[in-house]
Amino acid sequence: MDKLNILTAAAKYDVACTSSGVERTGGGSGMGSTISPGVCHSFSGDGRCISLLKVLYTNECIFDCKYCINRRSNDVRRTSFTPEELAELTISFYRRNYIEGLFLSSGITRSPDTTMEQIYRVLLLLRGTYRFHGYIHVKAIPGADQEIITRTGWLADRMSVNMELPTAESLHKLAPHKNRTNILTPMRNIQTLRDSDREFHGELLTDSATREMLSDNLPVKWEKGAATTPSNDLSCKNKFSKPAVMKPGTRRFVPAGQSTQFIIGASDDTDYQIIKVSEALYERFDLKRVFYSAFMNVNLDSELPDTSKGPELLREHRLYQADWLLRYYQFKADEILSPDYPSLNTLVDPKCSYALNHLEIFPVEITTASYHTLLRVPGIGVTSAKRILAVRKHSAGLLTFNDLKKMGIVLKRAQYFITCGGKSLVPIKITQSFILANLLGLKDNLPKGMSKDQTYEQLSLFDVSDIVEKKIEQISC
């Protein structure tokens with residue numbers, strides 16, 4: 001229990017609020033299952049609270065990253081589980097209905113290879129000996145031998161390799177023992193093997209010759225009576241022990257995909273740099289999620305920013321909103337931010353900010369606009385945009401604002417950017433300052449020099465008045 005208290009507290013800075021993204025039942029051969037909506041510390045579609053045991057294998061570390069509470073120069077209590085202890089603890093908690101899965105990370109003790117093998121042993125015990133079919137999210141250790149990471153990937157549902165900082169310069173400054181190559185190499189290998197697995201199972205288009213070639217890398221299935229004791233040799237060059245009885249193609253390689261995490265505010269990296277790197281990771285490595293964690297100066301290091309007033313939670317929130325635009329709304333990073341305006345606006349969400357800075361394309365006509373254009377309208381989401389297209393096919397384009405409201409469109413925001421049958425919901429002048437004031441709920445308390453009856457040029461959204469600055473403070477609080 002002392003180990004558990006220390007290692008769960010040390011794991012709280014790893015973000016793990018992701019959906020499981022995988023469906024699997026026990027099939028009567030073991031315990032546990034996982035459903036796609038299952039998430040950490042949240043609720044599934046049927047109202048159940050889903051939770052993960054979020055823990056480190058060890059808080060010992062040979063690295064000295066300035067932002068990390070577990071860095072080797074810190075004087076903190078150190079401890080480690082054994083694979084047997086952690087596997088038994090996970091199963092005991094599951095049987096008591098405390099948890100529905102495991103989120104396992106670790107400091108780096110002795111070497112990346114040694115640490116990664118210990119993590120592999122935990123998963124081998126859970127999947128093989130205990131026949132645990134529940135959700136497992138595990139961290140891949142940068143610099144570890146790829147064979148160990150690959151074998152672990154056949155046992156995990158999701159893997160993640162934390163980039164921590166978006167640029168090589170900030171990584172070298174704050175984490176001198178890490179480098180981008182050691183982080184991106186396992187990320188690429190995980191993506192390649194995952195694509196191969198998806199091709200073999202027909203989820204990606206491929207030919208029969210390719211499917212045959214991929215059969216040598218198929219996962220395995222543990223049968224009753226199979227030997228599941230991992231090797232006692234810590235050398236990564238040694239071949240790991242496998243179950244005695246195997247059936248190819250019955251397991252999947254990282255079926256829920258991979259993710260990574262950025263620390264926000266520890267370095268001078270701008271929001272634009274962070275969003276650009278996230279966009280590249282989604283496009284080149286097929287990541288499922290990028291997590292953003294607001295920096296806390298837990299080490300009180302003088303070389304790091306002061307966070308005595310609290311972490312930049314509003315900035316973290318805006319980055320998640322921008323990330324959502326990249327993943328689901330067909331936005332590009334250069335549409336959200338630019339080198340000239342590298343910071344996300346704190347007054348409004350990134351989608352509203354985009355609309356206010358591109359008034360030349362608004363208002364859009366709901367009855368004729370394309371799906372891509374509808375997604376750029378504040379107040380219209382992915383589901384409501386699809387509903388509009390579906391209704392237009394059967395209504396000859398006849399839609400009213402009342403119809404839009406029934407579809408779930410947020411007219412409070414959308415009304416300034418759309419017309420329906422050539423008509424606007426309210427007679428307004430499309431000016432940036434007017435719309436911004438109304439979106440913020442300022443109503444009659446408009447900035448100095450502005451009235452509702454005036455027509456204004458398109459001002460910069462980043463030039464705000466005293467009253468808007470006060471609004472920022474209210475939002476921050």
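The structure presented is a predicted model; accordingly, all values stated were derived computationally and were not measured.
With Ser160 as reference, His137 is the one residue of His137, Gln261, Arg289 to meet the side-chain hydrogen bond (donor to acceptor under 3.5 Å, both in side chains) rule.
Ring centroids of Phe362 and His358 are separated by 6.0 Å or more, keeping the two rings apart. Ring centers of Phe132 and Tyr94: under 6.0 Å apart, within the cut-off.
The closest donor-acceptor contact from the side chain of Asp306 to the backbone of Ser308 lies under 3.5 Å. At least one donor-acceptor pair under 3.5 Å links the side chain of Arg78 to the backbone N or O of Asn70. Side-chain atoms of Asp145 come within 3.5 Å of backbone N or O of Glu147 as a donor-acceptor pair.
Between Arg127 and Asp157 there is a salt bridge, since a side-chain N of the basic residue sits under 4.0 Å from a carboxylate O of the acidic one. In summary, Arg318 and Asp349 do not engage in a salt bridge, as defined by a charged side-chain N under 4.0 Å from a carboxylate O. Residues Lys276 and Asp269 are not paired through a salt bridge, judged by the lack of any N-O separation under 4.0 Å between the basic side chain and the carboxylate. A salt bridge between Lys332 and Glu283 is present, with a side-chain N of the basic residue lying under 4.0 Å from a carboxylate O of the acidic one. Ionic pairing of Arg121 and Glu117 is present here: one or more N-O contacts between side-chain nitrogen and carboxylate oxygen are shorter than 4.0 angstrom. In this structure, Arg198 pairs ionically with Asp195, as a charged nitrogen and a carboxylate oxygen lie closer than 4.0 Å.
In Arg77, the CZ atom is not crowded: 12 or fewer heavy atoms of neighbouring residues, nucleotides or ligands sit closer than 6.0 Å. Atom CG of Asn5 has more than 12 neighbouring heavy atoms from other residues, nucleotides or ligands inside a 6.0 Å radius. Within 6.0 Å of the CZ atom in Arg188, the count of heavy atoms belonging to other residues, nucleotides or ligands exceeds 12.
The shortest heavy-atom contact between Lys173 and Lys66 is O-CE, 3.5 Å. Scanning both residues, Gln191 and Asp286, for their nearest heavy atoms gives CG-CB, 4.3 Å. Residues Ser343 and Leu337 come closest through the heavy atom pair O-CD2, 3.4 Å. The nearest pair of heavy atoms linking Gln321 to Pro350 is OE1-CD, 3.3 Å. Nearest approach of Lys139 to Ser105, heavy atoms of both residues: CG-OG, 3.3 Å. Residue His177 comes nearest to Asp64 through the heavy atom pair ND1-N, 3.5 Å, listed as atom of the first residue, atom of the second, then distance.
At least one test fails for Arg158 against the ring of Tyr135: distance under 6.0 Å to the centre or angle within 45° of the axis. A cation-pi contact, defined as under 6.0 Å to the ring centre and within 45° of the axis, is absent between Arg376 and Tyr329.
Distance check, rounded to the nearest 0.5 Å: CD1 of Ile190 to CD of Gln146 gives 8.0 Å.
Defined by atom type and a distance below 3.5 Å, a donor-acceptor pair is present between the side-chain atoms of Asp334 and Tyr272. Side chains of Tyr292 and Asp323: a donor on one and an acceptor on the other come within 3.5 Å.
A heavy-atom distance below 4.5 Å is found between the side chains of Asp271 and Arg315. Side-chain contact check for Phe81 versus Leu56: every heavy-atom pair is 4.5 Å or farther apart.
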Pair Leu7, Thr79 - check side chain to side chain contact (heavy atoms under 4.5 Å, CB included), show working. CA-CA 8 Å; Leu7 295 175; Thr79 189; 3.8 Å; yes

Show the numbers, then the answer: is there a side chain to side chain contact (heavy atoms under 4.5 Å, CB included) between Asp113 and Ile148? CA-CA 8 Å; Asp113 291 335; Ile148 314 176; 4.2 Å; yes

